Amino acid sequence: MPDMKESWSSLASLLGTLAFCQTLLQVVLPPELRYASLRFLKRILGFSSSYCYFEITEAVGINDLYNAVQLYLSSFLSASCSRLSLSRAPNSSSTTFTLTNSDCIADIFDGVSVQWEHAVTQCQSKPSSRGKKRFFTLRIRKCDRDRIRDSYLDYIMDKANDIRRKNRERLLYTNSHGGWNPVLFKHPSTFDTLAMDPERKRDIMEDLRDFVAGKAFYQRTGRAWKRGYLLYGPPGTGKSSMIAAMANFLSYDIYDLELTKVLSNSELRDLLMRTSSKSIIVIEDIDCSANLCNRSKAPQDLARRSCSDPGAPNAALGSEDGNNNPITLSGLLNFTDGLWSCCGSERIFVFTTNHIDKLDPALLRSGRMDMHIYMSYCSYPALKILLHNYLGSEAEDLGEAAAASELREVVKKAKMTPADISEVLIKNRRNKEKAVSELLEALKARAERNEKYGGLRGERELNGEEEEEEEQEKRALESPKDGSHCDTDSRKKVEDDEAEKAK
Ligand SMILES: Nc1ncnc2c1ncn2[C@@H]1O[C@H](COP(=O)(O)OP(=O)(O)OP(=O)(O)O)[C@@H](O)[C@H]1O
Ligand SMILES: [Mg+2]
């Protein structure tokens, strides 16, 4: 015990002496000599310390680590410090928090505690006010240094890149002349505003979250880090809105690929190569974009399955060999699935269609489009979201509860799209009661019309749609197991429809 006391007191006296020397040096020596001696003193102290220190100096254009540390720390500083320096970069939508001079903050990485200190000193070579040296000092225990230093810094760089991406505006790229043209993307659609069954919405959001956090999983399982979603359903059910919501949710850019403007399979591959990681690559109305059918199919079959719009630029386009359509199904499959698709990582492919039956089964097989999501006519849970979005109230709040139960009853039979319902609500958004009563009327009128034609059967026959929808339902049942919860939805929809028809 006395030994212990003695060593403590000798350490204290050593530190006291060093501190005294430091003060003395500051008073007596000129600045250049003073800094050299201070460095020397710090080195002496370093030998007896159980910590090591890493200095990360600001050097614009040379050292990205300084900015990365600054961004990384700013992500949790605001919650833990009482004095902070704030800044906002041009074109940025968020504020950056920085430690003020000589302030410290602790962090934990992989179970190891570290400490950051920020310092601003006068640069000796530039005594002007701009000649400031800014640096962070990272303090790590010597015993942990080798284990965490590199992985911690990699982690900080990744986090900083994420923050940069989230802070900047989203971009929407469209293709023309074999290249991509970006425009600012400010679509307000989010998963909160999207009207669909909350459970299905949660499933999709969870799937997206798993995908983003799945780097190790995809590496372990030997799969390319990409995911495919096929959104299908009638016009106005929210397929494009869903894509915008996904981009806003993940802070990804969107590459909207117009297949009719792509001149060859190799151009398609080049376009893919020029997309960045953490992006969504979209092909809308894929059934109408090109004749993407199996090359082994007979020509008459191809003609039968081509887009119903004969005037569409690529509607009559055929296979790679011997016709005028340069884009083939195999070209597209290589785009989404082949070796080239893995160049770059963390990419999401989204295809949309109103007619799933027109797609070649090769496009639908498991592993290609991982999830098939049926965007349905407006259900009651979806209607509640629209009421909340447009009128700022819940269905139950709207006057008499009777209106709510009537809405619940009639919306199922009406088979109106969220787009149609939005129209009625937006027109009357200043008068909630009128909005609800008009909506009820519109829903009832549509339900009556459906009933008159025998649960849509007659109307569909008139429009030649019945066969098509039955085919869509059949396809839904054959969807890949990966997106099984959505298949369940489709199956449930078929069962519901059949039950309704039976009534
Ligand atoms: N599920 C939904 N939730 C919220 N709003 C919706 C939904 N579906 C449609 N809307 C509204 O209708 C408009 C059109 O929807 P959207 O373009 O997303 O439909 P779509 O399914 O892509 O149609 P299309 O098949 O014709 O491309 C949107 O701007 C939005 O206001
Ligand atoms: Mg659309």
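Note that ligands are numbered from 1 as they come in the structure, with each ligand's atoms numbered from 1 the same way. Everything quoted here is computed from the prediction, not taken from an experiment. Note: hydrogens, waters and symmetry copies are ignored here, and every other heavy atom, side chains too, is used.
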Can an N or O of [X] be found at a distance shorter than 3.5 Å from an N or O of ligand 1?
X: S422; answer: no
X: G236; answer: yes
X: E284; answer: no
X: D285; answer: no

So which heavy atom in the protein is nearest [atom], and how far is it from that ligand atom?
atom: atom 5 (N) of ligand 1; result: L386 CD2, 4.2 Å
atom: atom 30 (C) of ligand 1; result: S241 OG, 4.0 Å
atom: atom 26 (O) of ligand 1; result: P235 CB, 3.5 Å
atom: atom 17 (O) of ligand 1; result: S240 CB, 3.8 Å
atom: atom 3 (N) of ligand 1; result: A195 N, 2.7 Å
atom: atom 19 (O) of ligand 1; result: G238 N, 3.3 Å
atom: atom 14 (C) of ligand 1; result: A419 CB, 4.2 Å
atom: atom 7 (C) of ligand 1; result: P418 CB, 3.4 Å

Could you grab the distance from atom [atom1] of [X] to atom [atom2] of [Y], nearest 0.5 Å is fine?
X: L271; Y: K261; atom1: CG; atom2: NZ; value: 11.0 Å
X: S276; Y: E346; atom1: OG; atom2: CD; value: 10.5 Å
X: Y229; Y: F211; atom1: OH; atom2: CZ; value: 7.0 Å

Could you tell me if [Y] and [X] have a donor-acceptor pair between their side chains, going purely by distance under 3.5 Å?
X: E284; Y: T352; value: yes
X: D287; Y: T353; value: yes
X: D110; Y: Y155; value: no
X: E258; Y: T174; value: no
X: D420; Y: T417; value: yes

Q) Considering only heavy atoms of L194, which atoms of ligand 1 have at least one such atom less than 4.0 Å away? A) 3 (N)
**Q.** Numbering as shown, the atoms of ligand 1 that approach N354 to under 4.0 Å (heavy-atom distance)
**A.** 25 (O)
Q. Within the stated cut-off of 2.8 Å, is an N/O/S atom of S240 closer than that to the Mg ion (ligand 2)?
A. yes
(Q) Just to be sure I'm reading this right: ignoring hydrogens, which of E423, M242, K239 gets closest to atom 25 (O) of ligand 1? Compare them by their nearest heavy atoms. (A) K239
Q) Of I373, L359, L363, V350, which meets side chain to side chain contact (heavy atoms under 4.5 Å, CB included) against L230? A) L359
Q: Assert yes or no for the condition that the ring centre distance of Y232 to Y374 is strictly below 6.0 Å.
A: yes
